[in-house]
> 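The structure follows.
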Amino acid sequence: MERGAIPLDACPGGLDLRSTLESGQSYHWRREDGRMYENAPDGRYYTIVDGEFLRVRQAEAALEWEATTDAEPYLRELLRLDDDLDAIVANGPDDPLLREAYAAHRGLRIVDDPAFPCLISFICSAQMRVSRIHGMQVTLAERFGTTHEIEGETYHAFPTPEQLAGASVEELRECSLGYRAPYVKETAEMVAEGEAHPEEALGMDYEDARESLTRFVGVGNKVADCVLLFSLGYLEAVPLDTWIRSAIEDHFPDCDRGSYAATSRAIRERLGGEYAGYAQTYVFHHLRTAGTAEAP
DNA sequence: CCGTACCCTAGTTT
DNA sequence: AAAACTAGGGTAC
């Protein structure tokens with residue numbers, strides 16, 4: 001294993017690793033102590049990307065890592081360490097709710113997950129609690145993913161499109177996917193057979209990219225926005241989930257224009273356009289954790 | 001654009 | 001205590 005540390009003073013706006021990985025953006029990291037979503041401090045998180053094992057923990061002034069390869073380029077990408085949070089916050093709209101969310105969770109970064117796992121996890125997210133979405137991805141990995149032996153421990157990569165397409169709907173249902181099981185299978189088949197790939201949206205204008213992702217089974221506008229924001233680098237995407245819809249109702253009622261597309265345009269504008277997705281993610285996390293005591 | 005069915009589980013209420 | 005009820009980051013038809 002290789003080891004290293006990325007100094008966080010070189011990361012404009014810093015990093016809050018726990019908020020970043022436990023805020024329902026990425027479902028492909030696990031905590032070594034198993035205490036995901038429990039608001040517990042000091043977690044060590046691990047994942048497998050491109051067949052490489054990565055493990056990280058947040059130290060005082062650095063992001064420390066151990067990995068089967070040089071993890072730094074992976075981490076810079078996966079955790080968007082080069083985003084200038086200070087500038088994003090400073091240039092964002094001057095709105096009380098947003099200021100509060102930014103202040104409460106400073107260091108939370110948008111993730112940049114691999115596209116296929118991201119797509120599947122958000123298909124699974126329909127009508128589902130964050131902790132259970134995570135549990136489903138863990139189950140899929142353990143059941144269908146490639147096994148890696150690292151220092152005597154067994155880990156599972158997220159399944160490839162081929163591995164998931166090879167699963168039967170019944171097997172997928174056994175992973176508690178419910179009505180999402182056929183969606184996952186059909187989408188995995190589309191990717192495995194080369195019929196479509198989520199990364200084909202890259203380079204398109206935002207709304208075209210969103211439309212293009214909805215051809216996958218189980219993907220509507222909301223899930224498409226999640227994939228655009230959390231995997232494809234469209235930082236203007238604002239997924240209209242129930243939390244942000246209630247924030248719209250309470251704080252930006254004039255942005256409710258009825259249809260998804262029109263409301264999306266209005267709230268995107270209100271949240272600062274280019275980086276509206278950052279604002280959405282902070283507000284989402286802030287509302288979702290409201291009332292929950294943040295561990296010191 | 002609107003309504004409804006869809007699966008499953010933890011947590012709450014009867 | 002067992003059973004009914006509810007809600008949870010929606011989508012397809």
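Here is how names work: the chains are called A, B, and so on, in the same order as the sequence lines, proteins then strands, and each is numbered from 1.
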> Does A:Leu79 reach the side chain of A:Leu17, with side-chain heavy atoms less than 4.5 Å apart?
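With C-beta onward as the side chain, the pair touches.
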
> Applying a 4.0 Å non-hydrogen cut-off, can you work out what A:Ser121 is touching in the nucleic acid: base, sugar-phosphate, or nothing?
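Answer is nothing: A:Ser121 stays at 4.0 Å or more from every strand.
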
> Can you tell me how far C1' of C:dA7 sits from CG of A:Asp241, to the nearest Å?
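One finds 15 Å between C1' of C:dA7 and CG of A:Asp241, rounded.
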
> Without decimals, in angstroms, what is the distance between A:Trp243 CH2 and C:dA7 P?
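Atom-to-atom, A:Trp243 to C:dA7, this comes out as 13 Å.
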
> Not counting sequence neighbours, which residues clear side chain to side chain contact (heavy atoms under 4.5 Å, CB included) with A:Glu64? List them please.
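Result, side chain to side chain contact (heavy atoms under 4.5 Å, CB included) vs A:Glu64: A:Ala5, A:Arg57, A:Ala59.
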
> Under 4.0 angstrom, heavy atoms only, what part of the nucleic acid is A:Gln25 near: base, sugar-phosphate, or nothing?
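It contacts base atoms.
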
> Could you tell me whether the side chain of A:Thr187 and the main chain of A:Val217 form a donor-acceptor pair under 3.5 Å?
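Flag set: sc A:Thr187 to bb A:Val217 pair under 3.5 Å.
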
> Within this structure, what is the CD1-to-C1' distance between A:Ile133 and C:dG10, rounded to whole angstrom?
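Atom CD1 in A:Ile133 sits about 11 Å away from atom C1' in C:dG10.
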
> From C:dT11, B:dT9, B:dC7, pick the nucleotide closest to the side chain of A:Ser176?
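Nucleotide nearest to A:Ser176's side chain: B:dT9.
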
> When only distance counts, do a donor and an acceptor, one from the side chain of A:Tyr183 and one from the base of C:dG10, lie under 3.5 Å apart?
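For A:Tyr183, whose side chain was compared with the base of C:dG10, there is no donor-acceptor pair (under 3.5 Å).
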
> How long is the line joining CG of A:Asn221 and P of B:dC2, in whole Å?
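Distance check: A:Asn221 CG to B:dC2 P gives 14 Å.
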
> Contact class for A:Ser259 vs. all strands (heavy atom < 4.0 Å): base, sugar-phosphate, or nothing?
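Sugar-phosphate contact only.
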
> Send over the distance from A:Arg129 CZ to C:dT6 C1', rounded to a whole Å.
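Computing the A:Arg129:CZ to C:dT6:C1' distance gives 9 Å.
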
> Test your reading of the model: is there a side-chain donor-acceptor pair from A:Arg18 to the backbone of A:Tyr37, 3.5 Å cut-off?
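Not at all, since once roles are kept as given, no pair shorter than 3.5 Å links the two residues.
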
> Kindly indicate whether the side chain of A:Val184, heavy atoms from C-beta on, has any atom under 4.5 Å from the side chain of A:Leu177.
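A side-chain contact exists here, since the closest heavy-atom pair is under 4.5 Å.
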
> May I ask you to say what A:Val130 touches in the nucleic acid, namely base, sugar-phosphate or nothing, with a heavy-atom cut-off under 4.0 Å?
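If one applies the 4.0 Å heavy-atom cut-off, A:Val130 turns out to touch a base.
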
> Evaluate side-chain hydrogen bond (donor to acceptor under 3.5 Å, both in side chains) for A:Asp113 paired with A:Ser231, printing each intermediate quantity in order.
CA-CA 5 Å; A:Asp113 267 357; A:Ser231 175; over 6 Å; no

> Stems involving DNA chain B: give each as a range paired with a range, ordered by first number, where a stem means at least three consecutive Watson-Crick or G-U wobble pairs under 3.5 Å.
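DNA chain B forms these stems: B:3-6 with C:10-13, B:8-14 with C:2-8.
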
> Which nucleotide in the set B:dA10, B:dC8, B:dC6 lies at the smallest distance from any side-chain heavy atom of A:Tyr179?
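Taking heavy atoms from C-beta onward, the closest nucleotide is B:dC6.
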
> For A:Phe284 and for A:Phe216, find the nucleotide of DNA chain C with the closest heavy atom, then tell me which residue's nucleotide is more 5'.
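Mapping each residue to its closest nucleotide by heavy atoms, the 5'-most match is A:Phe284.
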
> To the nearest Å, give me how far apart CE (A:Met190) and C1' (C:dA12) are.
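To the nearest whole Å, that distance equals 14 Å.
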
> Counting side-chain heavy atoms from C-beta on, which of B:dA10, C:dT11, B:dC7 comes nearest to A:Lys222?
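Output: C:dT11.
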
> Could you tell me if the side chain of A:Leu54 sits less than 4.5 Å from the side chain of A:Leu78, heavy atoms only?
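The answer is yes, as the side chains (C-beta and beyond) meet within the 4.5 Å cut-off.
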
> Can you find a donor-acceptor pair, distance only, under 3.5 Å between A:Arg173 side chain and B:dC7 base?
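Donor-acceptor pair under 3.5 Å: no.
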
> Rounding to a whole Å, what distance do you find between A:Leu213:CG and C:dT11:P?
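So the two atoms are 12 Å apart, to the nearest Å.
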
> Keeping A:His134 on the side-chain end and A:Trp29 on the backbone end, is there a donor-acceptor pair under 3.5 Å?
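It does hold such a pair.
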
> Rounded to the nearest angstrom, tell me the gap between atom CG in A:Leu177 and atom C1' in B:dT9.
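Between C1' of B:dT9 and CG of A:Leu177: 13 Å.
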
